[in-house]
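Before any comments, here is the structure.
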Amino acid sequence: MTHASALGLDPVAYAPHALHGEGCAWVEKNCYVDPWIEVLHALHLDPMALMPFTVAVDFEGDQWTFFKPPHHDLAVLYGVDVQELNVWRPLVRHVEEHVGQGKLVLTEADAWFLPDAKGTDYGRQHTKTTIVIETIDTEACTLGYFHNAGYHALEGADFAGVLRTDPSPDPAVLPLFAELAHLDRLRRLPSATLAERSVQLLRGHLARRPSSNPVERFKRRFVADLEEIGPEGLAQYHVYAFATLRQCGASFELASLYLTWLDDARGDRELTGAAKAFDDISTTAKALILKGARAVTTRKAADFAPMLDRMQESWQAAMELLESRFGAARAAAE
């Protein structure tokens, strides 16, 4: 089999989900959650139900949580089963076989070879990212893949680069990490049932939220980090900002949009306050990226305390509201 396609998608006709629309503060979130949003969208499943895990993101010390949808949640909501792919032979052979069986293959990839990253990494720098392969043609050397905010195609040298089809690969280079997504047990739940299952997941993620305010901990670290990074220049600052403010801001934007979706699904507005608080964290984080960049560029001191204080207060307010609605005591009463 030289050509295989799990979903039969056309990259020219494909329209991304609204979560990747220009109206979002963070059009691209991170390289793992973004393709899952588009995979579910392509399967005519609602990715909004998957977002409860965002309420548990934390400041890890030198970065914010690189947030990823749990495989358990994908199975509970949609019947999608994700397993690790043991790459014991050339990756191209695995992709050809499993996509031919109607599965999707998630794999690490070098953004140097991804045309959708034109203007950033494509042909410029080697950066690890994640793609979801949906179509492969080994004779034409083409791939159809989900990456970042959409569905794309690549060919030729990029095909060889992504799948490492060099007949004499360097034995010192480790195999790429990859996963399989089984789609044979998909379920499309009624909207009310989907929302209720999502709420149950929300309760669980809320229970494992950070034990202390993560913004307060980040606030103590941020200024010191900028002083250390400043002499290294703007390029290093952007790497730092991706690991910190972007992950913080993007995750809480998703949390805000999720709570609005949940209110709509349940026909009430009791989560509006928490949604607004999370949105405030998101928009402030984006403003902080720009203010931090100016401080690094000009090497002038800046006062970040008011913005960080606001983010800290917003996190606390949102969690208190969610705890009052979905916390352990309320769950027991219900």
Side-chain angles (χ1 to χ4, degrees), residues 16-27 29 33 36-37 40-41 43-58 65 67 69-70 72-80 186-211 213-215 248-286 310-334:
H17 189 271
L19 284 174
H20 288 137
E22 293 300 324
C24 291
W26 308 87
V27 176
K29 287 60 171 166
V33 71
W36 271 117
I37 289 171
L40 295 173
H41 175 50
L43 291 168
H44 306 291
L45 298 164
D46 192 341
M48 288 305 313
L50 183 62
M51 300 306 158
F53 73 98
T54 56
V55 304
V57 299
D58 198 359
T65 304
F67 56 103
H72 168 267
D73 295 10
L74 286 162
V76 167
L77 294 170
Y78 314 109
V80 175
L186 284 184
R187 63 172 70 95
R188 292 180 173 82
L189 300 173
S191 297
T193 305
L194 182 67
E196 191 51 43
R197 287 201 181 186
S198 185
V199 166
Q200 295 308 312
L201 295 175
L202 174 60
R203 294 187 194 280
H205 291 298
L206 187 62
R208 66 176 187 84
R209 70 190 184 276
S211 56
N213 192 314
V215 183
C248 171
S251 62
F252 286 118
E253 180 179 41
L254 286 177
S256 174
L257 294 170
Y258 167 71
L259 294 180
T260 299
W261 172 87
L262 191 57
D263 263 351
D264 289 341
R266 293 158 68 92
D268 57 43
R269 285 291 177 269
E270 65 179 354
L271 303 178
T272 298
K276 288 182 177 178
F278 283 145
D279 183 65
D280 188 59
I281 295 174
S282 171
T283 55
T284 305
K286 191 157 192 176
R310 181 172 177 176
M311 291 170 66
Q312 178 181 338
E313 292 166 2
S314 294
W315 186 91
Q316 195 65 40
M319 289 303 168
E320 288 175 1
L321 192 153
L322 290 178
E323 175 63 26
S324 70
R325 179 62 188 88
F326 300 111
R330 182 65 177 267
E334 292 179 353

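Side chains are part of it too, since the values below use all heavy atoms of this structure and drop only hydrogens, waters and symmetry mates. Keep in mind it's a predicted model, so treat the numbers as computed, not measured. In what follows, residues are counted from 1 in the order of the sequence shown.
- Side-chain contact between L259 and L322 is present, with at least one heavy-atom pair separated by less than 4.5 Å.
- Two residues are said to be in side-chain contact when any heavy atoms from C-beta on lie closer than 4.5 Å; R266 and V199 meet this criterion.
- Q312 and Q316 share no donor-acceptor pair across their side chains, judged by distance under 3.5 Å alone.
- Side chains of L45 and L186 form a contact here, defined as non-hydrogen atoms less than 4.5 Å apart.
- The shortest side-chain heavy-atom distance between L40 and H17 does not fall under the 4.5 Å cut-off.
- Among all heavy-atom pairs drawn from S282 and W26, the shortest one is OG-NE1, 2.9 Å.
- The environment of CZ in R310 is sparse: at most 12 heavy-atom neighbours from other residues, nucleotides or ligands sit within 6.0 Å.
- D46 CG to I37 CD1: the interatomic distance, rounded to the nearest 0.5 Å, is 11.0 Å.
- The shortest non-hydrogen separation linking A318 to A277 is CB-CB, 3.8 Å.
- Side-chain N or O atoms of R209 include none that pairs as donor or acceptor with a backbone N or O of D58 at under 3.5 Å.
- Only one option out of R197, M51, H205 pairs with D73 in a side chain to side chain contact (heavy atoms under 4.5 Å, CB included); it is H205.
- Rounding to the nearest 0.5 angstrom, the gap separating the CG atom in L262 from the CZ atom in F326 is 5.5 Å.
- Judged by distance alone, with hydrogens and angles left aside, the side-chain atoms of T260 form a donor-acceptor pair with the main-chain N or O of S256 at under 3.5 Å.
- In this structure a side-chain-to-backbone donor-acceptor pair under 3.5 Å is missing from Y258 to F252.
- The main-chain N or O of L254 is never found under 3.5 Å from a side-chain atom of K29 such that the two would form a donor-acceptor pair.
- Between V55 and M319 the shortest side-chain heavy-atom distance falls below 4.5 Å.
- The two residues G249 and A285 have their closest heavy-atom pair at CA-CB, 3.8 Å.
- Here E253 does not pair with K286 in a salt bridge; the nearest charged N to carboxylate O distance is not below 4.0 Å.
- Of all non-hydrogen atoms in S198 and W261, the two that sit nearest each other are OG-CZ3, 4.1 Å.
- By the 4.5 Å heavy-atom criterion applied to side chains, L271 and F278 are not counted as neighbours.
- When all heavy atoms of G327 and R203 are compared, the pair lying nearest together is O-NH1, 4.4 Å.
- A donor-acceptor pair is defined here as one N or O able to donate and one able to accept, closer than 3.5 Å; no such pair exists between the side chain of T284 and the backbone of I281.
- A heavy-atom distance below 4.5 Å is found between the side chains of D264 and R269.
- Looking only at side-chain heavy atoms (C-beta outward), V57 and C248 stay at 4.5 Å or farther from each other.
- Nearest heavy atoms, D280 versus S314: OD2-OG, 2.9 Å.
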